Amino acid sequence: MPELASGGAVAARDALREALLKPLAGEELSRDEAVALLATPELTAALLATASALRDRAWGRTVTFSPKVFLPVTNLCRDRCTYCTFRKDPDDPDAWTMTPDEIAAWSARGRTLGCKEALMCLGDKPEVAFPAYRATLAGLGHRTTAAYVYHACGIALDCGLLPHTNAGLLSRDEMARLKEVNVSLGLMLENVSPRLRARGQVHQWAPDKEPALRLRMLREAGELRIPFTTGLLLGIGETLAERVDTLLAIRDLHRTYGHVQEVIVQNFRAKPTIPRADASEPAPEDIARTVAVARLILDADVSVQAPPNLSPADHTLLLAAGLNDWGGISPLTPDYVNPEAPWPHVATLAATCRAAGYTLAERLAIYPAYVDRPGFLAPALCARVAALGEETRTAPGGVEASA
């Protein structure tokens with residue numbers, strides 16, 4: 001019997017090796033094949049090699065990043081995810097809603113340091129939960145957070161930056177309005193499984209993490225022709241099948257609307273102040289396999305990204321897994337979502353890429369394919385994008401760059 005079991009495992013691995021030939025031939029992996037590849041560490045090397053080859057075919061030997069200023073417009077949030085240190089209540093001493101003067105000062109400083117993106121990142125609709133914050137908004141001359149973010153984006157534009165907003169759930173009308181002052185928008189899908197909203201799960205107290213609501217926003221962003229960033233979060237209690245289902249949902253929306261410019265594969269990091277302080281973090285090889293499967297599942301024109309500050313010792317592994325973008329890196333502001341994880345030095349990251357045979361290049365918060373695609377960039381932003389795109393042709397410090 002042990003011999004039979006062993007023979008069955010060998011046959012299964014052989015079948016998966018055959019499955020890895022499909023993406024290289026322009027064929028799709030089945031859901032079951034994708035899940036099995038995530039669950040078979042013995043095939044990690046073959047999986048990563050396949051994903052790397054697909055990345056090279058679609059994106060060449062250039063890996064990109066966006067020089068950004070991270071602006072936490074407000075860290076108040078009505079959701080209470082059990083892995084989050086970003087959100088605060090109004091009476092918390094670390095609660096912060098940025099003033100227009102602060103937004104202008106940080107934007108101007110970032111522009112001086114070569115930043116081109118203003119990442120507007122904030123909690124989900126705190127005005128629904130906190131009367132004190134509604135008073136703060138009123139004092140700033142606004143009724144909703146989305147209206148204040150619109151104002152903040154205008155400030156960033158005046159400072160020479162291109163805004164990219166991740167404000168949690170937004171209505172269709174809010175996205176349409178924000179498109180006027182943003183070159184792209186974002187919302188982490190995290191996971192499509194409603195199970196993670198159940199009692200005792202990470203999103204039990206997070207109504208805005210309802211998968212159907214987030215999928216609706218992704219769909220409406222596509223209908224509005226908004227270049228969009230989304231992604232999945234690893235290590236929050238999801239199964240491997242749920243990871244694959246999340247990637248498939250993103251792929252299907254992109255195939256319908258053509259608007260998903262990048263997908264982030266982000267790993268959970270344990271912190272002492274969160275309810276999940278003792279939870280296990282995803283292993284580096286697990287992250288790499290998920291990056292690789294994302295590359296195999298998603299269409300070739302979708303960028304696959306992983307945050308370099310969350311896997312500081314594994315940059316070479318992630319490159320081998322088919323990653324083609326590192327996301328935003330700031331010379332000025334920390335990652336307020338993961339403040340314990342500093343950004344890598346760009347020169348060091350460039351050296352790592354070079355050692356692996358790749359060139360590190362700057363990009364803008366809107367990918368080149370969307371700049372001239374009809375309807376995807378507000379006309380008022382075209383000249384700004386063109387000017388900054390030209391500026392990225394050669395970046396400071398010898399890092400090659402492209403728009």
Side-chain angles (χ1 to χ4, degrees), residues 51 54-56 58-60 62-68 70 116-121 162-167 175 179 182-190 214-215 217-219 221-222 224-234 243 246-267 287 290-311 318-319 321-330 335 337 349 353 358 360-371 373 376-377 385 389 392 401-403:
L54 287 174
R55 182 265 320 281
D56 290 355
W59 296 87
T62 297
V63 180
T64 50
F65 77 101
S66 175
K68 72 177 181 184
F70 191 135
K116 298 173 181 68
E117 173 186 348
L119 170 62
M120 306 287 176
C121 191
L162 299 176
H164 166 86
T165 292
N166 188 333
M175 283 193 289
K179 183 180 177 181
N182 280 265
V183 295
S184 54
L185 297 178
L187 177 78
M188 287 291 283
L189 182 53
E190 296 194 8
R214 296 174 94 76
L215 287 166
M217 180 174 159
L218 264 68
R219 174 178 55 79
L224 291 167
R225 296 186 181 182
I226 295 173
F228 210 80
T229 295
T230 189
L232 62 162
L233 185 56
L234 312 185
R243 290 186 193 177
T246 302
L247 289 166
L248 291 172
I250 294 169
R251 184 196 69 184
D252 292 346
L253 283 166
H254 177 67
R255 287 185 177 177
T256 301
Y257 301 105
H259 67 307
V260 179
Q261 61 176 6
E262 59 186 4
V263 170
I264 305 169
V265 179
Q266 182 169 330
N267 49 305
I287 300 168
T290 307
V291 168
V293 167
R295 181 67 284 158
L296 269 56
I297 287 177
L298 298 168
D299 289 349
D301 61 333
V302 176
S303 177
V304 176
Q305 175 190 126
N309 60 317
L310 301 187
S311 300
L318 292 171
L319 285 168
L323 167 148
N324 67 277
D325 186 75
W326 296 110
I329 298 175
S330 181
D335 178 352
V337 176
L349 189 61
C353 292
Y358 295 88
L360 182 66
E362 286 188 13
R363 64 163 174 83
L364 302 183
I366 179 171
Y367 279 66
Y370 292 91
V371 173
R373 189 174 296 179
F376 275 86
L377 179 62
V385 168
T392 62
S402 59

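Please read all numbers here as calculations on a predicted model, not as lab measurements. Atoms considered below: every heavy atom in the structure, side chains included; atoms not considered: hydrogens, waters and symmetry mates.
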Using side chain to side chain contact (heavy atoms under 4.5 Å, CB included), reason through L162 and K116 one step at a time and then give a plain yes or no. CA-CA 6 Å; L162 299 176; K116 298 173 181 68; 5.6 Å; no

Between Q261 and A365 (side chain of the first, backbone of the second, donor and acceptor by atom type, cut-off under 3.5 Å), is there such a pair? yes

Any side-chain to backbone donor/acceptor pair from R295 onto A321? Under 3.5 Å, distance only. no

Which heavy-atom pair separates G186 from M217 by the least distance, and what is that distance? O-CE, 4.4 Å

Can you confirm whether T230 sits close enough to I264 that some side-chain heavy atom of one is under 4.5 Å from a side-chain heavy atom of the other? no

Indicate the ring-plane relationship of H259 and F228, choosing parallel, tilted or perpendicular according to the 30° and 60° boundaries. tilted

Residue pair W59 / A300: nearest heavy atoms and the distance that separates them: NE1-O, 3.0 Å

Looking only at the side chains, is there a donor atom on one of D325 and S303 sitting less than 3.5 Å from an acceptor on the other? no

Using a 4.5 Å cut-off on heavy atoms from C-beta on, say whether the side chain of I226 contacts that of Y257. no

Specify the closest pair of heavy atoms between W326 and C353, including all atoms of both residues, with the distance to one decimal. NE1-SG, 3.6 Å

Sequence neighbours left out, what passes side chain to side chain donor-acceptor pair (under 3.5 Å) with S66? Give chain and number order. E117

What pair of heavy atoms forms the shortest contact from L185 to M175, and how long is it? CD1-CG, 3.8 Å

How long is the gap from CG on L323 to CG on L318, to the nearest 0.5 Å? 6.0 Å

What closest approach, in Å, do A294 and V265 show between heavy atoms, and which atom pair accounts for it? CB-CG2, 4.2 Å

Starting at CD1 of I250, measure out to CG of D299 and round the result to the nearest 0.5 Å. 12.0 Å

Output the distance between atom CG (D301) and atom OH (Y370), rounded to the nearest 0.5 Å. 6.0 Å

To the nearest 0.5 angstrom, please state how far the OG1 atom of T165 sits from the CG atom of L187. 12.0 Å

List the steps and the verdict of side chain to side chain contact (heavy atoms under 4.5 Å, CB included) for L189 and L232. CA-CA 6 Å; L189 182 53; L232 62 162; over 6 Å; no

Ignoring hydrogens, what is the shortest heavy-atom contact between L248 and I297? Give both atom names and the distance. CD2-CG2, 3.8 Å

Distance col, row N309:CG vs D335:CG, nearest 0.5 angstrom, shows 5.0 Å

So does P307 get a backbone contact from the side chain of S311, meaning a donor-acceptor N/O pair under 3.5 Å? no

To the nearest 0.5 Å, tell me how far E362 CD sits from I329 CD1. 10.0 Å

Within a radius of less than 6.0 Å around CZ of R373, do more than 12 heavy atoms belonging to other residues, nucleotides or ligands occur? yes

Pair L298-V260, side chain to side chain contact (heavy atoms under 4.5 Å, CB included): steps then yes or no: CA-CA 10 Å; L298 298 168; V260 179; over 6 Å; no

Backbone N or O of R225 within a donor-acceptor pair of the K179 side chain at under 3.5 Å? yes

Can you check whether P227 reaches Y367 side chain to side chain, under 4.5 Å on heavy atoms? no

Can you find a pair of side-chain heavy atoms, one from L377 and one from V385, that are under 4.5 Å apart? yes

Give a yes or no on whether the backbone of V304 and the side-chain of N324 come within a donor-acceptor separation of less than 3.5 Å. yes

Report the C-alpha distance between N166 and T229 in whole Å, list the side-chain angles of each, state the deciding distance to 0.1 Å, and finish with yes or no for side chain to side chain contact (heavy atoms under 4.5 Å, CB included). CA-CA 9 Å; N166 188 333; T229 295; over 6 Å; no

